[in-house]
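Notes follow the structure.
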Number of protein chains: 2
Amino acid sequence: MSTIAKAMELLDFFSLDRPEIGLSDFHRLARRDKATTFRHLSALESAGLLEQNPATRAYRIGPAVLRLAHMREVTLPRRAGLRVALPRLAEATGETAHASLLDASGLTTLAHHEAPQHSARVVLHESRLPLHATASGIAALAFGDEDLMKRARAAMPAFTDTTARSPEDLQAAVARARASGVAISNQTFETGVTGFAAPLFDSTGVAGAVAVAAVSSRVTPELQTTILTELIKAARTISANWGGTIPPALAAAWADAAAPETAP
Amino acid sequence: MSTIAKAMELLDFFSLDRPEIGLSDFHRLARRDKATTFRHLSALESAGLLEQNPATRAYRIGPAVLRLAHMREVTLPRRAGLRVALPRLAEATGETAHASLLDASGLTTLAHHEAPQHSARVVLHESRLPLHATASGIAALAFGDEDLMKRARAAMPAFTDTTARSPEDLQAAVARARASGVAISNQTFETGVTGFAAPLFDSTGVAGAVAVAAVSSRVTPELQTTILTELIKAARTISANWGGTIPPALAAAWADAAAPETAP
DNA sequence: ATGTATTGGTTCATTATTCAAACCATTGGT
DNA sequence: ACCAATGGTTTGAATAATGAACCAATACAT
């Protein structure tokens with residue numbers, strides 16, 4: 001493992017629950033030498049990727065990250081590509097719609113939109129989505145490479161009693177998603193929430209997923225049909241906006257899924 | 001210079017004008033060995049900080065940056081702290097207001113707001129602001145540490161014929177800003193634009209600057225007074241939102257600046 | 001077509017960094 | 001005063017980074 005990779009790995013320990021991390025915590029979390037950890041943190045800090053809270057001396061994400069993110073969003077818009085499709089998806093289905101982005105360490109929620117129709121809507125609070133336990137994760141895995149699958153298998157905590165717990169269960173769910181072009185997860189991440197997701201593509205391949213999180217008790221066969229139809233429509237639009245191409249196998253699966261609706 | 005610092009330095013070569021950079025270009029820009037450069041780029045890529053354009057093989061900012069930026073903005077809001085103050089500043093002065101953030105490599109525009117009153121308003125197009133040639137830069141330098149000043153002196157290109165060209169000129173401008181609490185730059189970056197700026201603070205110290213970019217021909221003594229009063233008001237609000245404390249010397253300078261207005 | 005320059009990417013002795021286990025100074029709690 | 005944390009520094013043995021040359025593929029001119 002390269003020095004740079006080790007330093008970059010430190011960034012992955014941050015989360016919304018743990019936005020500041022001290023030297024000793026890093027040393028334990030990364031299971032790496034304290035002196036080295038300190039040097040890495042210092043290097044990242046002087047580059048502006050990290051900064052130290054002067055009160056606690058703990059490290060947190062630095063301002064340089066905002067500069068880089070701004071640049072990426074201007075030259076390669078992602079949020080802009082969701083602006084129309086996501087609200088429309090929420091509106092058409094009456095449920096919460098969200099889109100997430102795939103990077104080296106998993107899925108992160110990029111944007112979400114709640115439908116105004118129902119009072120009991122699903123509120124998203126977690127910004128990192130586990131690959132093995134969410135519809136979005138399964139959808140991404142179904143069209144991602146083997147490396148992504150390896151990462152998913154590496155950590156498979158159970159969130160509910162229907163969360164896939166064995167690699168075989170996961171493989172089966174992924175195979176279903178690959179065949180149908182969409183992933184459906186019944187309360188695998190949170191009880192009372194059924195997730196529907198489709199993969200998103202940019203010019204590099206799988207780039208994320210778009211999903212509908214519905215209140216399970218409200219999901220009828222009719223609603224499910226609506227959701228899947230609208231989901232595929234949204235996925236097509238967003239992938240087009242992101243400059244991605246839909247793999248032929250997926251295009252075929254989506255055509256089949258839409259057929260029952262459009263057939264005379 | 002550490003390996004990590006070298007790798008991080010590569011990120012600084014990106015800009016809005018140059019959002020994608022190939023291996024050979026990096027090798028020349030960074031004046032570093034090609035093999036080393038390649039390894040650094042590969043490491044950054046596998047961490048998600050960079051990604052390769054599959055068509056050109058050139059590197060660009062990767063998706064992990066968005067994840068990190070999102071986390072920082074949620075736990076340590078910066079844009080949110082501007083939401084009220086910046087439009088109010090633009091409204092009250094009738095000119096374009098913008099705020100910029102300081103990081104290891106300079107100032108970056110974070111947000112800007114245009115006043116609707118005039119048709120001939122100043123449109124900002126550059127997101128990186130040179131420290132030596134903008135009011136924002138001078139304001140930041142006036143209350144930043146010696147290290148920041150060193151960086152400013154390192155590169156001082158002339159943008160107009162009133163741009164400070166010698167370190168002495170720069171030092172004089174900074175001294176004026178330190179004494180008055182605001183920086184005024186008359187067409188030092190772009191002809192026809194006069195800049196007014198005040199420093200912004202967060203808990204770590206100087207964190208950026210808030211500025212008004214006015215059409216030079218429109219600047220009367222009355223407008224200038226209005227701008228300075230409103231600018232100081234906005235700077236106080238934003239720094240408070242960012243959890244910063246105004247250094248006593250600056251607080252005194254601002255009190256003096258406001259005095260001519262409030263005196264009976 | 002052939003030579004030439006340029007691209008992204010790879011190999012292998014030399015050189016610099018990282019490792020581990022100490023240590024120091026400060027802080028907060030008992 | 002003590003103990004257990006914290007952030008930060010130092011030491012020779014292990015491990016990784018480095019740079020010059022090298023390779024294969026593409027682009028471009030003669």
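FYI, side chains are in, hydrogens and waters are out, and symmetry mates aren't considered; it's all heavy atoms of this structure. Here is the naming used below: chain letters follow the sequence lines, and residue numbers restart at 1 for every chain. Everything quoted here is computed from the prediction, not taken from an experiment.
- Rounded to a whole Å, the CD1 atom of B:Ile4 is 6 Å from the P atom of C:dT18.
- For C:dT6, the OP1/OP2 oxygens have no side-chain nitrogen or oxygen of B:Ser24 closer than 4.0 Å.
- Residue-level contact check: A:Tyr59 touches the backbone only, with heavy atoms under 4.0 Å from sugar-phosphate atoms and none from bases.
- Across all strands shown, A:Ser2 has heavy atoms under 4.0 Å from sugar-phosphate atoms exclusively, and none from any base.
- Between B:Lys6 and D:dT18, a side-chain N or O to OP1/OP2 separation shorter than 4.0 Å is present.
- Rounded to an integer number of Å, the gap from B:His40 NE2 to C:dT10 P is 15 Å.
- Side-chain N/O atoms of B:Lys34 and base N/O atoms of C:dG9 include a donor-acceptor pair closer than 3.5 Å.
- Atom CZ in A:Arg32 sits roughly 18 Å away from atom C1' in C:dA21 (whole-Å rounding).
- Taking atom CZ on B:Arg39 and atom P on D:dA16, their separation rounds to 13 Å, with Å as the unit.
- Nearest-nucleotide positions on DNA chain D for A:Gly22 and A:Asp33 put A:Gly22 closer to the 5' end.
- B:Arg78 has no carboxylate O lying under 4.0 Å from a charged side-chain N of B:Glu73, or vice versa, which leaves the two without a salt bridge.
- Salt bridge annotation for B:Arg67-A:Asp12: present, with a cationic side-chain nitrogen under 4.0 angstrom from a carboxylate oxygen.
- Between the CG atom of B:Leu41 and the P atom of C:dG8 there is a distance of 10 Å, given to the nearest Å.
- Distance, A:Leu10 CG to C:dT18 P: 12 Å, rounded to whole Å.
- OP1 or OP2 of D:dT6 has not a single side-chain nitrogen or oxygen of A:Arg57 nearer than 4.0 Å.
- At D:dG19, one or more side-chain N or O atoms of B:Thr36 fall inside 4.0 Å of OP1 or OP2 (strictly under the cut-off).
- Atom P of nucleotide D:dT18 and atom NE2 of B:His27 are separated by 15 Å, given to the nearest angstrom.
- For the OP1/OP2 pair of D:dT6 and a distance below 4.0 Å, the side-chain nitrogens and oxygens of A:Gln52 include no atom meeting the criterion.
- Using a 4.5 Å heavy-atom threshold, the side chains of A:Arg151 and A:Asp147 count as touching.
- Atom C1' of nucleotide C:dG8 and atom CZ of B:Arg28 are separated by 12 Å, given to the nearest angstrom.
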>> Show, in sequence, the C-alpha distance, side-chain angles and deciding distance for A:Thr108 and B:Leu66, and conclude whether the side chain to side chain contact (heavy atoms under 4.5 Å, CB included) test is met.
In response: CA-CA 9 Å; A:Thr108 314; B:Leu66 296 183; over 6 Å; no
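- A close approach under 4.0 Å does not occur between any side-chain nitrogen or oxygen of B:Thr3 and OP1 or OP2 of D:dA17.
- Side-chain contact between B:Val74 and B:Met71 is absent, with no heavy atoms from C-beta onward closer than 4.5 Å.
- Side-chain atoms of B:Phe38 lie closest to C:dG9 of the nucleotides D:dG7, D:dG19, C:dG9.
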